[in-house]
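Only a predicted model underlies this, so the values are computations on that prediction, with no experimental measurement involved.
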Amino acid sequence: MEQSETESEAPSAKPEPRHQRLKSGATALLCVLLVYGAVTYLVIPFVYSRYAKHHPSLEDIPGITHTGDGHPGDPLNVALVGSEKSIKTIMVAAKWYPADPLTLRSCLEIATATVLKHPYEEAPVSNLFYDGRKEDLAFEQPVGEDPRKRHHVRFWRTQKLDDDGRPFWVGSATYDIHVGFSHATGQITHHIDGAVDVERDHMFDTLKQTGDLVETYKITGF
């Protein structure tokens, strides 16, 4: 006589009571709200206050410079924080040459170099004005042996200081593409490349290679 065996079905798990599910959901929601509140009302304001204290605001800085006769000049697109000595040191280390003062002699030298296509690493730059005064510092990088093409940057020291008491310098970094007549005055001048963001990035890339640039950051909408 054969005896058949039937397999018993495993008992099904009891569903979690509704009130327990609601309690678990409420706990998870409360945790999310607490994290959100802590991040948005405590962490972010604290971090931004430290950031704003360390990096002076540029909201009151204009977007462009002006020529001596009031025409719009090159855009302000870079800034550095540090002493004058540290600015000069890192720029020279990055192979930027301090520009000669704008004198009759230096003007004749750059004119001769332009015509004969001779290098002039310290060629002067024309004066541009921010806050009613000309640049405090000017540097350039030659491109080949033609002084008509060059990277150059001007810096103006502002009244702003960071929390360590270091002065804030705003600057205009542009690339000269050729010599021609000014569209505004008809005077002979350098014409710059319109891709000023590219020139901004070039300057900071050269400074980063020195290893002396502590920190970089961008200000959007400036």
Measuring from [X]:[atom1] to [Y]:[atom2], what's the distance to the nearest 0.5 Å?
| X | Y | atom1 | atom2 | result |
| --- | --- | --- | --- | --- |
| Asp74 | Asp176 | CG | CG | 8.0 Å |
| Tyr175 | Arg150 | OH | CZ | 11.0 Å |
| Trp169 | Glu135 | CH2 | CD | 12.0 Å |
| Phe129 | Lys134 | CZ | NZ | 7.0 Å |
| Phe204 | Gln209 | CZ | CD | 14.0 Å |
| His66 | Asn127 | NE2 | CG | 15.5 Å |

Which atom of [X] lies closest to which atom of [Y], heavy atoms considered:
| X | Y | answer |
| --- | --- | --- |
| Asn77 | Ala173 | OD1-N, 2.9 Å |
| Val78 | Ser172 | CG2-N, 4.0 Å |
| Ala79 | Phe168 | CB-CE2, 3.8 Å |
| Val196 | Pro75 | CG1-CG, 3.7 Å |

Do the side chains of [Y] and [X] get nearer than 4.5 Å, heavy atoms only?
| X | Y | answer |
| --- | --- | --- |
| Glu215 | Val81 | no |
| Lys208 | Met203 | no |
| Leu80 | Leu207 | yes |
| Ile64 | Leu76 | no |

Parallel, tilted or perpendicular: rings of Phe155 and Phe139 (30°, 60°):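 The rings of Phe139 and Phe155 stand perpendicular, inter-plane angle above 60°.
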Report the relative orientation of the aromatic rings in Trp96 and His202; use parallel for angles under 30°, tilted for 30 to 60°, perpendicular for over 60°.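 It falls in the tilted class, 30° to 60°.
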Output every pair passing salt bridge (Lys or Arg N to Asp or Glu O under 4.0 Å) with a member in residues 85-97, not counting sequence neighbours, ordered by first then second residue.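 The answer is Glu84-Lys88.
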Assess whether side-chain contact (heavy atoms from CB on, under 4.5 Å) is satisfied between Val153 and Glu140, documenting all intermediate values. CA-CA 6 Å; Val153 58; Glu140 64 182 273; over 6 Å; no
Between His151 and Glu199: side-chain donor-acceptor atoms closer than 3.5 Å: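 His151 vs Glu199: donor-acceptor pair found between side chains.
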Taking atom types as modelled, is there a side-chain donor on Ser86 or Ser83 under 3.5 Å from an acceptor on the other?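 Per modelled atom types, Ser86 and Ser83 side chains form a pair under 3.5 Å.
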Between Arg154 and Asp136, is there a salt bridge with N-O shorter than 4.0 Å?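 Looking at Arg154 together with Asp136, the answer is no, because their closest N to O distance does not fall below 4.0 Å.
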Full working for side-chain contact (heavy atoms from CB on, under 4.5 Å) between His152 and Thr174: CA-CA 6 Å; His152 66 290; Thr174 54; 3.1 Å; yes
Is Val214 linked to Ile87 within one hydrophobic cluster, defined over Ile, Leu, Val, Met, Phe, Trp and Tyr using a side-chain heavy-atom separation of less than 4.5 Å?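 Shared cluster, no.
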Would a hydrophobic clustering, with Ile, Leu, Val, Met, Phe, Trp and Tyr connected at side-chain separations under 4.5 Å, put Leu137 with Leu213?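 Looking at the clustering, Leu213 is in the same group as Leu137.
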Verify, without hydrogens or angle tests, whether Asp162 (side chain) and Asp164 (backbone) share a donor-acceptor contact under 3.5 angstrom.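 Yes.
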Show your reasoning for whether side-chain contact (heavy atoms from CB on, under 4.5 Å) applies to Arg200 and Lys218. CA-CA 11 Å; Arg200 172 202 64 199; Lys218 290 186 178 181; 3.7 Å; yes
